[in-house]
Amino acid sequence: MEMEVLNLTAVGPAGPAFAAQVGAEAGTNAFSCYQCGKCSAGCPLSYAMDYQPRQIMRLVQLGLKDEALKSSTIWLCASCATCTTRCPREVQIAAVMDTLRAMARREGYPYKERSVAAFHRAFLNGVASGGRAYELGMILGYKLSTFEMFKDIDLGLTWLRQGKLKLLPERIKGSASVRDIFEKVRKLEQEEVARQREGRPAAHEGMEGHS
Amino acid sequence: MKYAYYPGCSLHSTATEYDATTRTVCQTLGVELEEIPDWNCCGATSAHATNHLLSLALPARDLAKAEQMGLDVVAPCAACYNRMAQTIHETKDNEVLRGRVSAVIGADYEGTAKAKSLLEVLAADVGPKVVEAKVQKPLKGLRVAAYYGCLLVRPPAVTGWDDAENPQSMDKLMTALGAETVDWSHKTECCGASLTVSRTDIVLKLTRDILDAAKAAGADALVCACPMCQANLDGRQGAVEKTYKTNYHLPVFYFTQLMSLAFGIEPYKLGFARHSIDPRELLHTKEIA
């Protein structure tokens with residue numbers, strides 16, 4: 001029987017720089033993970049993921065950037081932080097998932113879980129335009145971008161009848177200042193991406209703020 | 001005791017009964033709430049899944065307003081509370097990051113205001129003894145499973161006011177009201193809230209696990225402190241039953257609804273008609289309301 005040989009000690013194409021960058025952005029030390037698997041045993045979403053959280057940590061350590069950023073794991077992570085809470089090495093795994101999602105989006109990786117990404121986009125569009133979440137608009141925006149037109153119609157109608165969904169968004173007086181936050185962040189992110197493409201050193205916030 | 005009040009978006013839409021009973025309970029207990037003027041959405045999971053700086057800037061705009069008021073913030077929603085606590089935690093010893101956040105929000109953010117969850121304020125600052133003294137209608141014979149969910153108590157480095165694996169604060173409050181609480185396994189298991197629209201199948205499974213555990217522990221109802229948990233456990237309970245051919249009929253209360261009830265507020269003021277699993281039948285059976 002022929003077996004595929006996997007060299008698990010070799011470092012992937014992105015090299016150790018990838019783990020260093022992920023760690024710096026997430027405010028944690030990605031190299032600390034020693035693969036005990038406690039994160040994955042406790043993760044309520046792990047049953048649905050293509051890579052276990054533990055495996056994502058290993059992909060990061062090995063510099064296998066494409067594998068990590070194309071995984072379903074980074075989108076299915078519900079940010080409950082069971083992993084971070086239980087990690088004996090104090091690796092902030094939930095923060096690593098955030099970093100990987102943000103990285104996948106800004107570097108234009110295809111989303112393994114398109115519907116999850118579409119939800120986040122629809123949610124934030126509402127916040128950016130009125131300053132507050134607008135559930136009904138978010139649901140409609142989500143449906144338009146995913147073509148899941150008839151999903152959750154029952155619950156939606158029940159909630160409309162119970163008065164749980166507002167027909168019109170709440171627009172705050174300072175909605176322009178909230179829009180401005182989104183604009184500034186977008187600009188800073190574009191500058192950051194350009195800097196990285198040109199190989200200039202990243203100007204992230206530093207690790208000392210996280211613990 | 002006075003706090004800057006941050007209701008958050010859900011308490012203005014799917015969870016107005018949580019907002020109303022929060023105000024009632026705080027008034028009864030002498031906790032003064034002053035709403036943060038013109039507050040914006042904290043960004044919730046979607047912001048921190050998208051851009052780190054955005055996830056800090058959105059809560060910081062609200063926190064900066066609370067600083068102007070000279071008050072600490074109280075947030076009833078577990079997700080809002082968690083985002084605010086996270087922002088404070090990450091910027092606390094990082095002047096550079098605070099400067100970046102201030103530049104993005106166009107206001108000075110110093111990080112001087114604290115953020116607390118409503119459960120922490122009522123269970124720790126006010127305390128079960130004071131709560132017990134206000135009880136007019138004890139919730140005798142009601143067995144509840146206190147469900148904390150994920151964001152109230154995790155990660156402990158950010159939250160830190162109750163045990164991350166086996167929290168007790170809500171249990172103690174419920175006991176003070178005369179109710180019984182069950183020991184059970186899923187107190188802090190995640191309901192998958194941020195996936196509720198996009199991967200409903202996953203949320204139905206996680207919700208089923210929680211409902212199964214509560215039922216097995218002999219609970220009559222669940223009590224929670226988060227509008228997303230309530231929406232999933234209550235609003236999707238029918239779909240869970242249909243999908244998994246189970247039968248729970250477990251009402252899901254906000255802890256402030258049960259506090260209001262025990263304080264003698266008339267049940268019709270507590271928003272029970274907005275629940276998918278109507279709790280009035282249970283309360284009637286137990287001769288509580």
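Within every chain, numbering begins at 1; the chains are lettered A, B, ... in the order of the sequence lines, protein sequences first and strands thereafter.
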### Message
The test is salt bridge (charged side-chain N to carboxylate O under 4.0 Å, His left out); show your working for B:Arg236 and A:Asp154 and say whether it passes.
### Response
CA-CA 10 Å; B:Arg236 294 201 183 276; A:Asp154 288 353; over 6 Å; no
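- Proximity to chain B at a heavy-atom threshold of 4.5 Å picks out A:Arg101, A:Ala102, A:Arg105 from residues 101-110 of chain A, in numerical order.
- The CG atom of A:Asp152 lies 4.5 Å from the OG1 atom of B:Thr200; values are rounded to the nearest 0.5 Å.
- The part of A:Arg86 that comes within reach of chain B is its side chain, from C-beta onward, which places non-hydrogen atoms under 4.5 angstrom from that chain.
- With contacts defined as side-chain heavy-atom distances shorter than 4.5 Å, the pair B:Ile105/A:Asp180 does not qualify.
- Smallest separation of non-hydrogen atoms from A:Thr158 and B:Ser276: CG2-OG, 4.5 Å.
- Taking 4.0 Å as the cut-off between side-chain N and carboxylate O, B:Asp38 and A:Arg132 do not count as a salt-bridged pair.
- Applying the 6.0 Å contact sphere to CD of B:Glu35 captures more than 12 heavy atoms from other residues, nucleotides or ligands.
- Judged purely by distance below 3.5 Å, without hydrogens or angles, the side chains of B:Ser13 and A:Lys164 never pair a donor atom with an acceptor atom.
- With a 4.5 Å cut-off on side-chain heavy atoms, A:Ser115 and B:Arg199 count as touching.
- Although no hydrogens or angles enter the test, the distance criterion places a donor-acceptor pair under 3.5 Å between the side chain of A:Lys184 and the main chain of B:Ala103.
- In this structure, A:Ser79 and B:His48 have side chains that are in contact, with non-hydrogen atoms separated by less than 4.5 Å.
- Residues B:His52 and A:Glu25 have side chains that never bring a donor and an acceptor to within less than 3.5 angstrom of each other.
- Minimum interatomic distance between B:Cys190 and A:Ala78 (heavy atoms only, all atoms of both residues): SG-CB, 4.0 Å.
- Annotation: the span from A:Phe119 atom CZ to B:Ser46 atom OG amounts to 4.5 Å, rounded to 0.5 Å.
- The shortest heavy-atom contact between B:Ala231 and A:Trp159 is CB-CH2, 3.5 Å.
- Considering every non-hydrogen atom in both B:Arg61 and A:Ser177, the closest pair reads NE-OG, 3.1 Å.
- The shortest distance between side-chain heavy atoms of A:Leu45 and B:Leu206 falls below 4.5 Å.
- Atom CD of A:Glu189 sits about 9.0 Å away from atom OG1 of B:Thr50, to the nearest 0.5 Å.
- The closest donor-acceptor contact from the side chain of A:Lys166 to the backbone of B:Thr14 lies at 3.5 Å or more, if one exists at all.
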